[in-house]
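Input: a single structure, listed below in structure tokens.
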Amino acid sequence: MKFILASQNQHKLVEMQNILSAHGVEVVLQSELGLHVEVEETGATFAENAMLKAKAVMAASGLPAIADDSGVCVDALNGAPGVYSARYGGPELDDVGRYRLLLENMRGARDRTAHFTSAIACAFPNGDTIEAEGICPGMIAYAPQGDGGFGYDPVFFLPQLRKTYAQLTPEEKAAVSHRGKALEVFDQKLREYLKGK
Ligand code: IMP
């Protein structure tokens, strides 16, 4: 089974391929098919945005499409950056600029609790859809640590492992991460769906 990933994000692609390939599911970037569908993330939730992206790419390609919408929600910031994680601080910031801004906005905050959410949506040309969600609780570190991963990984600290996401191997991250958990649920739902076909 082959899905078009409704994203340009190589890191997401690799994480999704690593997890789903074990179950015979192939994921390819839309650019590999010459597609460049840009979807405005107008949804109020991760799930809405994921479905918007999956449906747009499915409509443009005529093939099953899969999307992940994800972000970090920080309790001391009333859930920010949340669905705005990719746009936090405006378009001129890169990943490092965004996590530095987050650390800046958390300066003096004693409550460092946060969680990452990943919403996975897939849309089939016959109109069927599958949705799944995964959450990983953690804390915002006081300073970045580690150089693996992407995005906010260097500042997302997992107390039980005493490491940030950026200090984990891809396998270790997949075992605990929001995306790993969402993909596990997705994989179960996909199997059920395909059984009924
Ligand atoms: P979107 O889902 O493409 O709207 O963007 C999600 C944003 O959340 C990314 O640009 C990252 O900044 C952040 N994000 C999502 N997943 C992760 C992750 O696994 N590690 C670190 N940052 C992430």
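Predicted model only: the values in this text are computed from it and were never measured. Whatever order the structure lists ligands and atoms in, that order sets their numbers, starting from 1.
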* What pairs meet the side-chain hydrogen bond (donor to acceptor under 3.5 Å, both in side chains) rule with one or both residues in residues 86-99, with sequence neighbours excluded? -> Y88-N105, D95-R98
* Structure fact -> residues 2-13 vs side-chain hydrogen bond (donor to acceptor under 3.5 Å, both in side chains), sequence neighbours excluded, gives K12-D68
* Asked: F156 vs Y165 aromatic rings, parallel, tilted or perpendicular, using cut-offs 30° and 60°?
  -> tilted
* Got the residues with a heavy atom under 4.0 Å of ligand 1, by chain and number? -> K12, E41, K53, D68, D69, S70, G71, S85, A86, F116, F150, G151, Y152, D153, K173, H178, R179
* Just wondering, are more than 12 heavy atoms of other shown residues or ligands nearer than 6.0 Å to CD in Q160? -> yes
* Does E41 come within less than 4.0 Å of K53, counting only side-chain N to carboxylate O? -> yes
* Taking the hydrophobic residues Ile, Leu, Val, Met, Phe, Trp and Tyr, and joining any pair whose side-chain heavy atoms are under 4.5 Å apart, which ones share a cluster with Y84? -> F46, V83
